[in-house]
Amino acid sequence: MRIPDEKVWAVVRRIPRGKVATYGQIARLAGLSNPRHVGKALKALPEESDVPWHRVVNARGEVSERRPPGWDDLQRILLEAEGIEFRGKGRISFDRYRWKPEGGEEE
DNA sequence: AGATTGACTGCAT
DNA sequence: CATGCAGCCAATC
């Protein structure tokens with residue numbers, strides 16, 4: 001892998017419980033040039049990992065659709081378990097749950 | 001080696 | 001607020 005996927009996982013691990021981050025934020029923190037690579041790293045993420053990949057959402061504040069339908073539904077369940085509230089169709093209130101990277105990681 | 005795709009983003013309409 | 005188009009890098013075909 002040319003892209004430091006472990007770095008991405010490290011950033012995702014830093015996400016406090018009850019908050020979410022966008023691929024762009026993670027990509028920037030991980031030093032990646034393209035947010036798409038974040039998705040690739042998460043795709044290669046082993047399930048035995050303790051990385052809260054479910055806290056990673058797209059810029060619109062909604063869960064991204066993966067290739068196999070149904071997997072994204074699991075993410076929503078996990079987010080609700082974290083205490084995150086969804087809007088009508090499955091969108092998250094960013095103003096409330098957006099994670100502030102290395103600027104005051106409060107929990 | 002060239003073309004296509006992919007867990008995306010940002011700005012314009 | 002939803003939709004459309006372009007940019008981006010790496011992996012895969």
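Source: prediction; values computed, not measured. Just the heavy atoms: all of them, side chains too, but no hydrogens, waters or symmetry mates, feed the values below.
Although no hydrogens or angles enter the test, the distance criterion places no donor-acceptor pair under 3.5 Å between the side chain of Glu62(A) and the main chain of Gly90(A).
Atom CZ of Arg13(A) has more than 12 heavy atoms from other residues, nucleotides or ligands within 6.0 Å. No more than 12 heavy atoms of other residues, nucleotides or ligands lie within 6.0 Å of CD in Glu65(A), so this atom counts as exposed by the packing criterion.
Looking at Leu45(A) and Trp9(A), their side chains come closer than 4.5 Å, going by heavy atoms from C-beta outward.
Across all their heavy atoms, Trp53(A) and Leu78(A) have their closest contact at CZ2-CD1, 4.3 Å.
Rounded to whole Å, atom P of dC9(C) lies 18 Å from atom CG of Asp5(A). In this entry the distance linking CD1 of Ile3(A) with P of dG6(B) reads 16 Å, nearest Å.
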### Task
Quick one, give me the B/S/- string for nucleotides 7-13 of chain B, reading 5' to 3', where B means a protein heavy atom under 4.0 Å from the base and S means that only happens at the primed atoms, P, OP1 or OP2.
BBS----
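Going from atom CD of Gln75(A) over to atom CZ of Arg55(A) covers 11.0 Å, rounded to the nearest 0.5 Å. In this structure, CD on Glu82(A) lies 4.0 Å from NE2 on His54(A), to the nearest 0.5 angstrom.
Looking at residues 79-92 of chain A, you'll see Arg87(A), Arg91(A) sit with a heavy atom under 4.0 Å from some atom of DNA chain C.
The pair Lys40(A)-Asp5(A) does not count as a salt bridge, with every side-chain nitrogen at least 4.0 angstrom from each carboxylate oxygen.
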